[in-house]
Amino acid sequence: MTFDNIIEFRRSNRKFEPEAHIPAEVMEKALKHASLAPNSSNMQLWEFHWINSDQIKEQVVKGCLNQSAARTAQEMVVFVTRRDLWRRRVAWHKSLIDQDEKKLGIGVKSIKMRRLYYQKLMPISYINDGLGIFGLYRRLLSFSIGLFRPIYRAAGHAQQRITVHKSCALAAENFMLSMASQDFHTCPMEGFDAKRIKKILKLPRGAEINMIISCGKGTDSGFWGPRRRVPMDEVVIKH
Ligand SMILES: Cc1cc2nc3c(=O)[nH]c(=O)nc-3n(C[C@H](O)[C@H](O)[C@H](O)COP(=O)(O)O)c2cc1C
């Protein structure tokens with residue numbers, strides 16, 4: 001398929017063929033493609049929960065309010081944000097920086113910059129004290145510096161949530177386009193009971209469900225009408 005074909009093919013389908021099977025390799029490839037999505041600071045604060053057990057699937061379908069895209073799905077993947085894993089990701093980056101430093105030698109500028117970014121800047125961006133004091137400090141700092149020059153307006157908890165959800169949604173789109181390129185349909189869903197899904201998947205407090213994607217061979221009746229979009233001149237604004 002050309003890229004145009006893939007974009008045309010990917011449409012939300014809400015009624016999948018009951019007998020069609022998705023080979024595990026198709027799912028694995030699409031999940032790999034999901035992990036290659038662009039993401040903020042390459043922190044990869046996401047998880048892709050591929051539902052394999054029939055028992056868990058049954059519960060997840062109920063958690064998705066029993067909607068038909070979930071009920072008829074052959075496979076389901078829950079896209080989860082993991083803002084809470086930032087320390088683990090910083091440690092992962094640090095180990096890569098250490099390895100590169102051993103190879104390239106101490107004092108290499110690009111390595112110094114990466115160390116500064118991951119070991120100083122990332123903690124400043126992700127640390128939270130629970131009271132919002134650190135967030136206020138970050139906001140004041142960027143406000144004061146921002147009076148004199150352009151600066152990234154780091155803020156608190158809400159900003160961090162937006163950041164991880166943006167990246168996770170890009171992974172979800174990579175996943176859906178990859179499934180389309182392999183001749184399978186998907187349906188992204190946000191119509192679910194997040195609290196119940198988190199409980200079913202035994203997710204910690206810091207995790208959040210971004211979206212749940214149902215997959216299968218779509219049917220004609222699974223497309224709800226023609227694909228409609230508002231005119232381009234309403235959404236593309238030239239400056
Ligand atoms: C974040 C998000 C949440 C969605 N939630 C649901 C949902 O719960 N149930 C559903 O049937 N479709 C859901 N959709 C699918 C949209 O309705 C669909 O993408 C939109 O109508 C455009 O159609 P298309 O995907 O075929 O291009 C969701 C899509 C997105 C991106």
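Every heavy atom of this structure was used, including side-chain atoms; hydrogens, water molecules and symmetry mates were not. We count ligands from 1, going down the list as the structure has it; atoms in each ligand are counted the same way.
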Which ligand 1 atoms are under 4.0 Å away from a heavy-atom of R11? 26 (O)

Nearest protein heavy-atom contact for atom 3 (C) of ligand 1: which residue, which atom, what distance? E190 CG, 3.3 Å

What protein heavy atom sits nearest atom 16 (C) of ligand 1, and how far off is it? R14 NH2, 3.6 Å

Indicate yes or no: does R115 engage D98 in a salt bridge with an N to O separation below 4.0 Å. yes

Is there a side-chain contact between H49 and L203, using heavy atoms and a 4.5 Å cut-off? yes

Working to the nearest 0.5 Å, report the span between NZ of K112 and CD1 of I97. 14.0 Å

Would you please indicate yes or no on a ring centroid separation below 6.0 angstrom for H185 and F9? yes

Pair E208 + R82, salt bridge at N-O below 4.0 Å: no

N66, CG atom: more than 12 neighbouring heavy atoms under 6.0 Å: yes

Less than 4.0 Å from atom 20 (C) of ligand 1, is there any heavy atom belonging to the protein? no

Nearest-neighbour protein heavy atom for atom 18 (C) of ligand 1, which is reported as residue plus atom name and distance: S12 OG, 3.5 Å

Out of curiosity, is A69 lining ligand 1, as in a heavy atom under 4.0 Å away? no

Residue-level breakdown please: for R229 versus ligand 1, do any non-hydrogen atoms fall below 4.0 Å on the side chain, on the backbone, on both, or on neither? side chain

For this output row, return yes or no: ring centroids of F48 and F175 closer than 6.0 angstrom. no

For R227, counting its heavy atoms only, list the atoms of ligand 1 lying under 4.0 Å from any of them. 27 (O)

Heavy atoms only, cut-off 4.0 Å: how does C187 contact ligand 1, side chain, backbone, both, or neither? side chain

Heavy-atom nearest option to atom 8 (O) of ligand 1, drawn from G218, A172, C64, G191: G191

Measure the spacing between CE of M76 and NZ of K57 and express it to the nearest 0.5 Å. 7.0 Å

Answer yes or no on whether K94 is positioned over the face of Y118, meaning its NZ or CZ is under 6.0 Å from the six-membered ring centre and within 45° of the axis. no

When you measure from atom 9 (N) of ligand 1 to every protein heavy atom, which one gives the shortest distance, and what is it? Q67 OE1, 2.8 Å

Show me which atoms of ligand 1 lie under 4.0 Å from any heavy atom of R10. 24 (P), 25 (O), 27 (O)

What protein heavy atom sits nearest atom 31 (C) of ligand 1, and how far away is it? P188 CG, 4.2 Å

Could you tell me whether some N/O pair between M211 and ligand 1 is separated by less than 3.5 angstrom? no

